[in-house]
Asker: 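Mind looking over this structure? Questions follow.
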Amino acid sequence: MFVSTDQAVAILKNQGVVAIPTETVYGLAGRISSQKALDLIFETKKRPFFDPLIVHIRDKAQARQLVSEWSEIAEALADRFWPGPLTLVLKKNPQLISDRITSGLPRVGLRCPRHPLALEVLAKLGEAFAAPSANLFGRTSPTQAEHVEHEFQGQVPILDGGACEVGIESTVLLLEGNSLAILRKGQIREDELRLYLEKMALPHKWQESVSKSQSPGQLKHHYMPAKPLFWASQKMDAATALEKANQKLKVLPEEVEGVRLAIPSQIQQLAELRLPQDPVKTARVLYSELRRLSETSEIDGLIFFEESYHSKPEWGAIIERLHKATSAILN
Ligand code: TXA
Ligand code: MG
């Protein structure tokens with residue numbers, strides 16, 4: 001069911017959930033003060049409770065109420081990158097941010113989305129909403145309203161805001177005092193953040209590693225299409241790729257980290273995931289291509305051919321996602 005902005009706001013006020021467009025991917029939104037809505041988000045997505053939700057806010061002022069620490073670095077990053085695809089993970093205000101949202105962690109992920117409809121909903125609602133990507137747990141994120149409709153078989157109300165401009169999820173940045181760490185790569189990269197903080201003369205350091213307890217939602221597998229995706233790490237012709245994929249098939253588990261895949265007994269047709277040479281354009285089409293190919297009935301497996309230019313930093317966020325979406329590497 002497609003709804004208007006006002007209907008979306010009414011659903012949220014009534015403690016329901018609704019899919020909302022953002023510039024990155026569609027989110028499944030619920031009011032942060034409604035335990036009922038938060039529970040419904042987890043239930044609808046079949047999401048385990050250890051994976052924390054990102055809270056969407058309309059501006060810096062609203063963000064500051066939801067945290068117990070707001071540093072000069074947070075202020076500068078919010079000024080420069082909000083609204084936009086940057087999530088800041090900060091010490092939470094436990095009075096307003098429940099353990100359900102943060103999976104019991106002392107910190108909360110906050111971001112101000114750039115999509116005009118998301119901002120309109122936030123303004124009319126007068127409260128922040130939590131919103132994970134609007135897909136079943138572990139699967140490919142939705143970048144069009146139709147993806148959400150298909151994912152939940154029409155059971156979730158959707159505010160249609162067209163195709164998402166960025167196409168991959170926000171960069172997640174952990175801030176602990178003046179120590180920083182990227183928990184999830186995105187369009188806004190570490191080098192850009194570093195340059196900006198240097199320009200602003202804000203001393204900071206990058207953490208060398210991130211512990212599981214700082215980032216519990218980051219699993220080995222994620223963004224998985226319904227059919228197995230193979231990763232060709234070296235050049236090979238189509239016949240060789242098909243043979244190698246069929247060999248790997250014998251040892252592929254049907255379920256990884258709670259995500260089930262349709263594993264055929266034999267692969268007859270392996271479809272190549274063709275991506276533009278420009279990483280910004282690729283991010284925009286990546287998830288819809290994964291979906292389109294895996295939903296085509298004649299195709300029973302997908303293959304991605306790695307190129308040398310994919311190792312450039314601007315491809316980092318895309319390659320990280322493709323790695324997690326991959327069932328087996330062919331070499
Ligand atoms: O672009 C996006 O961020 C999209 C749109 C809808 O805003 N949202 C999104 O949410 O990607 P989701 O639930 O699919 O991914 C949230 C991830 C978690 O899996 C975790 O890795 C990280 O963000 N995260 C959220 N809150 C955190 C916290 N308190 N501490 C550490 N990591 C957190
Ligand atoms: Mg997600």
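In each ligand, atom 1 is the first atom listed, and ligand 1 is the first ligand listed. Every value quoted in this text rests on a predicted model; they were computed, and no experiment measured them.
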Asker: How are the rings of Y223 and Y287 set relative to one another: parallel (under 30°), tilted (30 to 60°) or perpendicular (over 60°)?
Answerer: parallel
Asker: side-chain contact (heavy atoms from CB on, under 4.5 Å) between F304 and H310: does it pass, once the steps are laid out?
Answerer: CA-CA 11 Å; F304 168 65; H310 289 141; 3.5 Å; yes
Asker: T24 to ligand 1: N or O pair under 3.5 Å?
Answerer: yes
Asker: Specify the closest pair of heavy atoms between A245 and L270, including all atoms of both residues, with the distance to one decimal.
Answerer: CB-CD2, 3.9 Å
Asker: Inspect the surroundings of CD in E72 and state if more than 12 heavy atoms from other residues, nucleotides or ligands are less than 6.0 Å away.
Answerer: no
Asker: Return yes when Q214 approaches ligand 1 closer than 4.0 angstrom through a heavy atom, no otherwise.
Answerer: yes
Asker: Does the distance from a Lys or Arg side-chain N to an Asp or Glu carboxylate O, for E127 and K13, drop under 4.0 Å?
Answerer: no
Asker: Just need the protein heavy atom nearest to atom 6 (C) of ligand 1, so name the residue and atom and give the distance.
Answerer: G27 CA, 3.6 Å
Asker: Between Q214 and S211 (side chain of the first, backbone of the second, donor and acceptor by atom type, cut-off under 3.5 Å), is there such a pair?
Answerer: yes
Asker: Do T102 and ligand 1 have an N or O pair less than 3.5 Å apart?
Answerer: no
Asker: Looking at E307 and K235, is there a salt bridge between them, counting it only when a charged N and a carboxylate O are closer than 4.0 Å?
Answerer: yes
Asker: Could you tell me whether R284 and E289 have a side-chain N and a carboxylate O separated by less than 4.0 Å?
Answerer: no
Asker: Considering only the protein, which heavy-atom contact is closest to atom 33 (C) of ligand 1, and what is its distance?
Answerer: P52 CG, 3.6 Å
Asker: For atom 11 (O) of ligand 1, what's the nearest protein heavy-atom neighbour? Residue, atom name and distance, please.
Answerer: R184 NH1, 3.0 Å
Asker: Hey, which atoms in ligand 1 end up nearer than 4.0 Å to a heavy atom of P132?
Answerer: 10 (O), 12 (P), 13 (O)
Asker: Counting neighbours of NZ on K312 that are heavy atoms of other residues, nucleotides or ligands and sit closer than 6.0 Å, is the number greater than 12?
Answerer: no
Asker: Would you say the side chains of S4 and D6 form a donor-acceptor pair under 3.5 Å?
Answerer: no
Asker: Which label fits H323 and W231: parallel for a plane angle under 30°, tilted from 30 to 60°, or perpendicular past 60°?
Answerer: parallel
Asker: For A131, which part has a heavy atom under 4.0 Å from ligand 1: side chain, backbone, both, or neither?
Answerer: backbone
Asker: Show which atoms of ligand 1 fall inside a sub-4.0 Å distance from at least one heavy-atom site of L53.
Answerer: 26 (N)
Asker: Which of the numbered atoms in ligand 1 are under 4.0 angstrom from any heavy atom belonging to H56?
Answerer: 5 (C), 6 (C), 7 (O)
Asker: For atom 3 (O) of ligand 1, what is the closest protein heavy atom, and at what distance to 0.1 Å?
Answerer: S170 OG, 2.6 Å
Asker: What atoms in ligand 1 come closer than 4.0 Å to a heavy atom of V89?
Answerer: 28 (C), 30 (N)
Asker: Using a 4.0 Å heavy-atom threshold (strictly under), name the region of L183 that reaches ligand 1: side chain, backbone, both or neither.
Answerer: side chain
Asker: Does any donor atom in the side chain of Q207 or S179 lie under 3.5 Å from an acceptor atom in the other side chain?
Answerer: yes
Asker: Is there a side-chain contact between K185 and T171 (heavy atoms, below 4.5 Å)?
Answerer: no
Asker: Give a yes or no on this: more than 12 heavy atoms of other residues, nucleotides or ligands lie within 6.0 Å of atom NZ of K91.
Answerer: no
Asker: Do me a favour and list the nearest non-hydrogen protein atom to atom 21 (O) of ligand 1 with residue, atom name and distance?
Answerer: Q218 NE2, 3.3 Å
Asker: Does an N or O from R47, backbone or side chain, lie closer than 3.5 Å to an N or O of ligand 1?
Answerer: yes
Asker: Look only at interatomic distance and state if S133 has a nitrogen or oxygen under 3.5 Å from any nitrogen or oxygen of ligand 1.
Answerer: yes
Asker: Testing the 3.5 Å rule here: is there a donor-acceptor pair between the side chains of R321 and S141?
Answerer: no
Asker: Go through ligand 1 atom by atom and flag the ones less than 4.0 Å from a non-hydrogen atom of G109.
Answerer: 26 (N), 29 (N)
Asker: Consider ligand 1: state whether an atom of it lies below 4.0 angstrom from any non-hydrogen atom of P113.
Answerer: no
Asker: Quick check on side-chain contact (heavy atoms from CB on, under 4.5 Å): which of M224, H147, K45 does N135 satisfy it with?
Answerer: K45
Asker: Is there a polar contact, in the sense of an N or O pair closer than 3.5 Å, between D51 and ligand 1?
Answerer: yes
Asker: Could an N or O of ligand 1 be found under 3.5 Å from any N or O of Y26, whether backbone or side chain?
Answerer: no
Asker: Among all protein heavy atoms, pick the one closest to atom 29 (N) of ligand 1 and tell me residue, atom and distance.
Answerer: R107 O, 2.9 Å
Asker: Listing residue and atom name, which protein N/O/S atoms are closer to the Mg ion (ligand 2) than 2.8 Å?
Answerer: S133 OG
